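To start, the structure itself, in structure tokens.
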2 protein chains.
Amino acid sequence: MTLPLSNTLQDYLEAILILTEQDEAVRISDLAQLLGITKPSVTEGVKALAAQGLLRHEKYGPVFLTAEGEKMATEVRHRHLVLKQFLINVLGVSPALAEKDACLMEHAVSSDTVARLVQFMEKRLQES
Amino acid sequence: MTLPLSNTLQDYLEAILILTEQDEAVRISDLAQLLGITKPSVTEGVKALAAQGLLRHEKYGPVFLTAEGEKMATEVRHRHLVLKQFLINVLGVSPALAEKDACLMEHAVSSDTVARLVQFMEKRLQES
DNA sequence: CAAAAGTGTTAGGACATCCTAACTTTTAAA
DNA sequence: TTTAAAAGTTAGGATGTCCTAACACTTTTG
């Protein structure tokens with residue numbers, strides 16, 4: 001049913017989620033700018049995501065995540081945020097580098113590892 | 001001069017390093033098996049690495065890392081090992097999953113973050 | 001409301017990586 | 001030493017992701 005999404009398309013979902021929460025409507029142009037790619041590329045990616053039922057998009061219109069798409073986007077962002085917090089608060093990595101690393105690592109870590117990172121940081125807070 | 005290698009080609013280098021240390025000669029077939037891809041794909045990848053001066057390969061012969069190739073391979077493996085140790089010893093991830101996660105994460109973490117992970121684990125050992 | 005500016009799409013192509021099928025070379029065994 | 005098995009290569013094709021150029025639609029604004 002739901003095949004695993006490529007890293008690239010996960011990035012699209014995450015970007016759409018972020019834009020959804022700050023703008024009213026998410027446009028192809030906004031995505032292109034945030035993702036740092038051209039509009040034709042975004043159009044293509046959006047088409048693929050729509051074909052998987054992860055978002056809704058009508059020609060020349062804005063983009064909306066479906067429930068399933070939002071769920072996946074939220075998971076990706078969760079991984080991103082957990083990793084970033086770990087890098088900054090535990091390792092002392094600079095925020096800018098943490099952001100960069102987290103962008104890549106979010107596609108590499110398993111759910112189990114993320115859950116353990118969360119646990120680890122909680123325990124660490126209690127102990128201090 | 002040295003353009004950044006793709007994740008795929010970094011994996012090739014790492015595999016060659018591992019095989020180099022356990023067998024006398026590294027063959028295309030060995031690599032194909034270890035990487036889980038077909039021989040034609042390996043032939044192609046090896047050609048690309050040879051073109052970048054990272055390994056030496058004559059038709060129908062074995063594969064040898066150059067000094068530069070070995071250096072890069074060692075770096076990749078270092079990232080891999082540091083991550084794996086962290087996952088197992090600090091987070092308590094199972095060895096099998098740690099291996100899997102490290103395989104992907106090794107292409108995502110910056111040198112700075114790896115260095116900090118090492119530091120973190122050293123400090124942690126001293127404190128215990 | 002017409003024209004300019006902005007937004008989105010289509011077409012066509014590049015590149016990396018993988019594959020299968022068919023062929024060649026090398027190695028090993030009868 | 002010839003032949004069968006194994007190893008390696010080549011050719012040709014698929015897929016995913018990106019691009020530029022050109023075109024189509026929409027929005028803004030004079």
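Computed from a predicted model, the values in this text were never measured in an experiment. So that the names make sense, note that chain A is the first sequence line, chain B the second, and so on, each numbered from 1.
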Side-chain donor-acceptor contacts of residues 61-72 of chain B below 3.5 Å, not counting sequence neighbours, with atom names and distances?
| residue | atom | partner | partner atom | Å |
| --- | --- | --- | --- | --- |
| B:T66 | OG1 | B:G53 | O | 2.8 |
| B:T66 | OG1 | B:L54 | O | 3.1 |
| B:T66 | OG1 | B:G69 | N | 3.1 |

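Residue B:H57 contributes atom NE2, which lies 12 Å from atom P of C:dT26 at whole-angstrom precision. Regarding B:Y60, its OH atom lies at a distance of 9 Å from the P atom of C:dT24, rounded to whole Å. Distance CD1 (B:I28) to C1' (D:dT9): 9 Å, rounded to an integer number of Å. Distance CZ (B:R27) to P (D:dT9): 9 Å, rounded to an integer number of Å. Nucleotide D:dC18 holds its P atom 9 Å from the CG atom of A:D11, rounded to whole Å.
Between A:K47 and the phosphate of C:dT9, there is no side-chain N or O to OP1/OP2 separation shorter than 4.0 Å. Regarding contacts with the backbone of D:dC18, a side-chain N or O of A:Y12 is found under 4.0 angstrom from either OP1 or OP2.
Annotation: salt bridge (Lys or Arg N to Asp or Glu O under 4.0 Å) contacts of A:K84 (sequence neighbours excluded): A:E99. Shown here are the side chain to side chain contact (heavy atoms under 4.5 Å, CB included) partners of A:D11, two or more places apart in sequence or in another chain: A:E14, A:L35, A:E106, A:H107. Partners of B:S29 according to the side chain to side chain contact (heavy atoms under 4.5 Å, CB included) rule, which considers only residues two or more places apart in sequence or in another chain, are B:K39.
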Strand DNA chain C as a dot-bracket string - pairs counted if Watson-Crick or G-U with both distances under 3.5 Å, | where the partner lies in another strand: ||||||||||||||||||||||||||||||
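Using the six-membered ring where Trp is involved, A:F86 and B:F120 have ring planes that are perpendicular, over 60° apart on the 30 and 60° scheme.
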With 3.5 Å as the limit, what N/O pairs link the protein to nucleotides 19-23 of chain D?
| residue | atom | partner | partner atom | Å |
| --- | --- | --- | --- | --- |
| D:dC19 | OP2 | A:T38 | N | 2.9 |
| D:dC19 | OP2 | A:T38 | OG1 | 2.8 |
| D:dC19 | OP2 | A:S41 | OG | 2.7 |

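Among the protein residues, A:S29 comes within range of the sugar-phosphate backbone only, with heavy atoms under 4.0 Å from sugar or phosphate atoms but none that close to a base.
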